[in-house]
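Computed from a prediction, not measured in an experiment: that's the story for all the values here. Each chain gets a letter, A, B and so on, in the order the sequences are listed, and its residues count up from 1.
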Amino acid sequence: MSKMDLLQGTLDVMVLQTLSTMGTLHGYGIARRIEQVSGNEVLLNQGTIYAALVRLQQRGWIAAKWGTSENNRKAKFYTITKTGSKQLAADAAYWKRLTDVMGRVFAPAGEESK
Amino acid sequence: MKRLLMSLLAVLRGRSMDRELDEELASHLELAAAENRRNGMSSEDARRAATASLGGVAPAREAHRDARGLPLLETLWQDVRYSFRTLRRDAGLALFAILITGLGVGASATVFSVVNTILLRSLPLSGADRLAWIANLSGEGLSGSTVQVGQLQELQAHNESFSDVAAYFAFYGAGDMQLTGIGAPERLTGVPVTGNFLPVLGVDLHLGRNFTKEEAQFNGPPAVILSHLFWARRMNSDPNVIGRALTLNNRSFTIAGVLPASFDFGALFAPGQNIDLIRPFPLAPQTHRQGNTLSIVGRLKPGVSTERAQAELTVFGQRMRREHSDWNNFTPGVSPFREHLSGGIKPAMFLLSGAVGLVMLIVCANLSNLLLARATARRQEMSIRVALGAGRGRLIRQMLVESLLLSSVGSLLGLGLAFGGTRLLAGLETNVPLLAGVQLDWIAVWFSLAVAVATGIGFGLLPALRVTRLEASNRGASAGREHTRIRGGLVVGEVALACMLLVGSGLLIRSFLRVLDVDLGFQPQHAMSLRIDPARRFENAQQRDAYFREVLKRVGSAAGIEVVGLTDVLPLGTNRSWGAGAKGKVYTRENYPDAFVRIVSDGYFRSMGISMRQGRDFAATDNFSSPRVIIINETLARTLWPGEDPIGKVMQVDGDRQVAGVVRDVRHLALEKEAGGEMYLPIWQTGDYSKVDLVVRGTGAQRDLEGIVREQLRAIDPTLPATAFRSLQGLVDRSVSPRRLIVLLLGGFAGFALILASLGIYGVISYSVTQRQKELGIRMALGATGSVLRGQILGQTLRLTAIGLVLGLLASWGLLRLLQGMLFGVTASDPMTFGGALLLLTAVAALAGYVPAIRASRLNPVEALRMD
C-alpha cells in the first residue's frame with residue numbers, strides 16, 4: 001500500500017497536536033514525530049512543515065524562539081500558545097465529528113439495509 | 001488584524017524571513033543527516049537522504065513564502081471585490097472621485113514629467129555632470145556673451161581645470177544651408193562646431209565618424225554630420241549614406257556621420273529650432289578676425305569644481321586683456337552646463353510643482369469630504385458589519401481599499417491625461433531648453449502610482465477613522481455634529497489653498513498681460529518675413545544688390561502689399577553688436593560704447609512699423625557712391641550725445657558714418673528687456689551681413705500675402721524655397737512662450753482648485769441643511785421666514801469662506817514673495833490681484849452656499865417635522 005497524501009488543513013492540526021503533547025520542539029523534531037506517530041503511513045514532504053509553521057505563527061497559535069539543538073546548532077523551537085490550544089480543541093472536536101460522519105457514510109451496505 | 005499586520009510585515013521583511021528560514025532548513029538537514037548516520041548510512045548518503053525527505057530546499061522556501069504572504073492578498077482581493085460592489089451602487093460618487101483624482105494625478109504627472117526632464121533626468125551626454133558652460137560676461141546680446149577664436153585657442157592650450165574645451169559658432173543662421181540635388185530644394189540649418197565638439201560633449205555618433213583634423217582646418221575638405229532626424233527624414237535612415245556627398249549652397253559636402261537620436265542640438269542649445277546638421281568650424285586667423293563668435297563648453301577634469309575653474313579663468317581673462325589688448329574683452333563666467341540650460345526656468349518649475357501639490361491637497365480634502373458624507377449614509381451598513389463581528393481594523397482596511405481603488409482608477413485616467421499633456425507640451429514651439437524631450441516615462445508612471453497611493457490613503461484615512469469610531473461609540477447626534485465640524489475644517493483648508501493658487505496665478509497672469517502690453521517699438525500685426533538670400537554666390541556687390549533691388553521692386557509693387565524692406569536680423573532672434581563711438585570723443589577701453597547692429601534697406605522701418613523720431617529714413621540712393629550714413633535709436637543717441645542734436649554727427653562704426661536719423665527703441669532681446677543701443681546701416685553701403693530677411697507689410701490675411709510674395713519671388717529665382725514664412729506676431733509669441741506656458745498651467749490649476757473648493761462648500765452646506773431639516777422646520781413653524789433662514793445659511797457659508805480666505809491670504813502673502821523674480825510690472829503684494837482673488841472666491845462661495853440656502857428657505861415645515 002502506498003503512503004497517504006495529506007488532506008488540506010490536516011497538517012496544521014497535526015503540528016498543533018504534536019506540540020500540544022510534546023511541548024517545545026524544532027521543525028525537524030515535529031516532522032519526525034508526525035512520521036513516527038502515523039506509523040510512517042503519511043507521505044510527509046518535510047519542507048511543507050515550515051509553511052505550516054509560519055501560517056500557525058501568523059495566526060498566533062504557536063510561538064517560536066531561537067535556541068540550540070541537541071547537536072549544538074542554532075535552531076528554531078516552537079511552542080503551542082493558549083489560543084493555539086483552544087483552536088486545537090475546536091479542531092479535534094471537528095475531526096472527531098467528521099470521522100464519525102465519514103465512518104457512517106462509508107459503512108458497509110448491509111448495515112444500512114438493516 | 002494581527003495576522004494582517006504580520007503578513008504585511010512578512011511581505012516587507014521578505015528577505016530577512018528568507019534568511020531565517022534558510023538557517024532553519026540548514027539545521028533541519030543537519031539533524032536529519034545526523035540521524036541517518038546513526039542508522040548506519042555513509043555521511044554522503046545521509047546528507048542526500050535528508051535533502052530528499054525535506055523535498056528540496058527551494059520548494060520548501062516557496063511553500064513558506066506562499067504561506068506567509070498569500071492570505072493577505074486573498075483577503076485584500078475580497079475587499080477589492082466588495083469595494084467594487086459598493087462603489088457600483090454609488091456610481092455617481094465613484095465617477096466624481098475618479099474624475100477629480102484623474103485630473104489631479106494627470107496634472108501632477110505632467111508637471112513631474114516636465115520637472116524630471118528639465119531639472120532631474122540626466123542629459124543625453126555621457127558624463128554631463130562635468131560639463132561646464134563658459135560664458136563671456138563682458139556685454140549683452142550674443143556678441144557680448146561670445147568669445148573670439150584666439151581666446152578659445154589660448155584657453156585650450158593653457159588651462160588646468162578642463163580636460164578639453166570646445167565651442168560652436170553662435171551666429172549660424174536658421175536656414176543658412178540650402179540643400180539641392182536630392183528632391184525638392186530645402187533650407188537647412190547647420191551649426192558650425194569645433195572639431196572636438198562632439199567628444200567634449202560626450203556624444204557618440206550613431207553612424208560614421210567625427211570630423212577629421214583636415215576637415216576642421218580652414219578651407220579643409222567640406223564635411224557634415226547629419227542630425228538623426230534629418231537622416232531619417234531626408235535619407236530614409238539609409239545606413240549607407242556615410243561617405244556620400246550632399247550638395248549644400250552649391251558645394252559638395254561629404255557625409256561623415258550621423259548623430260544619435262538622443263542628441264538634439266536644438267533642444268540643448270537652441271530650443272525650438274531644428275538643427276539639421278553640424279559642420280566643422282575652423283580655428284584660424286581668418287575666423288578669429290570675425291570677432292566674438294563662439295559659445296564655449298568645457299569638460300572639467302575629475303575633481304575640479306566649477307568654482308576652481310572660475311577662479312582660474314578669471315585670472316585667464318585678465319591675462320588675455322593684458323597680452324592681447326587688441327582682442328575683445330573676455331570676462332569668463334563658468335557655470336555647470338545643466339545650470340546654464342535650465343537655471344532660468346528653475347523657479348517656474350518649483351512654482352508649478354508647488355502649485356500641483358496644492359491642487360492634490362485640495363483634491364484630497366474634497367474627497368475626504370465626500371467620503372465623510374457617504375460614511376454617514378453608510379452608518380447602518382457599518383453597524384451590521386460590526387454586529388457580525390468585523391473588527392475596527394478590518395473596517396478601516398475595507399474603507400482604505402475603497403479609497404485606494406478610487407484613486408488607482410483615477411490615476412489610470414490621470415496617466416492618460418498626462419500622456420496627452422506631455423505630448424502637447426513637447427510639441428509646443430517654445431524657447432525652453434529640453435522641453436521638446438518631455439515624455440511620460442516609467443519614472444513618471446511610478447510617480448503617479450505613488451501619488452495614487454498617497455492620495456488614496458490621504459483622503460481615505462480620515463473618513464475611515466471617523467466612521468469606524470462612530471460605530472464604536474455609536475452616539476449619532478453628537479458624532480454627527482463633530483462630523484460637520486471636521487468637514488467645515490476641510491472646506492476652510494480648501495478655500496485657503498485655492499486662494500493661494502488664485503493669487504499666484506493672478507500675479508502671473510497680470511505680469512503676462514503687462515508683458516504683452518509692452519511697447520515693442522515695432523508693430524507685428526499684418527507683417528511677416530521670409531529669408532530670401534539665394535544660395536548661389538554673387539560675383540560682386542553690384543550683382544547682389546541688383547538681385548535684392550529686383551526683389552524689393554517686384555514684391556513691393558504687387559497688389560495688396562503696402563511696403564517692403566530688408567534686414568539681416570529680425571527682433572527677438574539673434575543679434576550682434578559692434579563698437580559704436582562718437583567721432584571726436586575719447587573713451588577708455590572699458591567704456592567704449594557698443595550697439596546692436598542691423599543692416600537694413602530703405603522701407604524697412606515702415607514695413608516693421610518702427611517710427612522715425614528725427615531726421616530722415618534711408619533711401620534707395622544711400623549706396624556705395626553716396627556719403628556713408630547711419631540711423632540710430634533714441635537710447636544710443638542719448639548715450640553718445642546726451643542733450644545734443646545727433647543729426648549730422650559722425651560715428652565710428654565700420655569707418656565714419658554720419659547720423660541721418662533717429663528711430664524709436666525696439667525690444668530686441670526680450671519683451672521684458674529694454675532695447676539698449678541700436679544702429680542701422682544701409683544695406684547698399686555694406687556687404688557685412690550673412691543673411692537677408694524680407695519684411696512685408698500688407699493689408700490682406702497672412703496666407704494671401706504669402707501667396708503674393710511666393711508668386712513674385714518665383715519669377716526672380718525659381719530655386720528659392722519660399723516656404724519658411726514667419727509672421728512677426730509669431731516671433732513675439734515665441735519669445736513669450738515660456739511665460740504663456742506657465743500662466744496657462746497655473747491658471748488651469750487655479751481654475752480647477754476654484755471648482756473643487758466651490759463643490760466642497762456646496763457639499764458641506766447642503767449636508768448641514770439636510771441634517772438640520774428638523775430644526776429648520778421647527779424654526780419655520782415658530783415663524784422664521786424663508787429669507788431669515790436663507791440669510792443664516794449664507795452666513796454660515798461665508799463664515800467658513802472668510803476663515804479660509806484669511807488663512808489663504810496670509811499664506812500667499814508669505815509664500816508668494818518667492819515669485820518676485822517671475823513678475824513683470826506688478827509687485828508680489830499687488831492689491832488688485834489680492835482683492836480680485838478675494839472677490840472671486842467670495843462670489844463663488846456665496847453661489848455654492850446659495851443653492852442649499854434656497855432649498856432650506858423653501859422647506860415645508862410640516863414635511864420637515866415628519867422626517868425620520
Should B:Glu30 and A:Tyr28 be marked as a side-chain contact (heavy atoms from CB on, under 4.5 Å) after you check the CA-CA gap, both sets of side-chain angles, and the distance that decides it?
CA-CA 10 Å; B:Glu30 194 130 321; A:Tyr28 179 68; over 6 Å; no
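The distance from atom CZ of A:Arg32 to atom CG of B:Leu31, rounded to the nearest 0.5 Å, is 11.0 Å. Note: B:Leu25 CG to A:Gln46 CD = 10.5 Å, rounded to the nearest 0.5 Å. Taking OH of A:Tyr50 as the start and CD of B:Glu20 as the end, the distance is 13.0 Å to the nearest 0.5 Å.
Under the 4.5 Å side-chain criterion, counting only non-hydrogen atoms from C-beta, A:Ile49 is not in contact with B:His28.
Contacts between B:Leu29 and chain A at a heavy-atom distance below 4.5 Å are absent for every atom of the residue. If you measure heavy-atom distances from B:Ala26 to chain A, the contacts under 4.5 Å come from both the backbone and the side chain.
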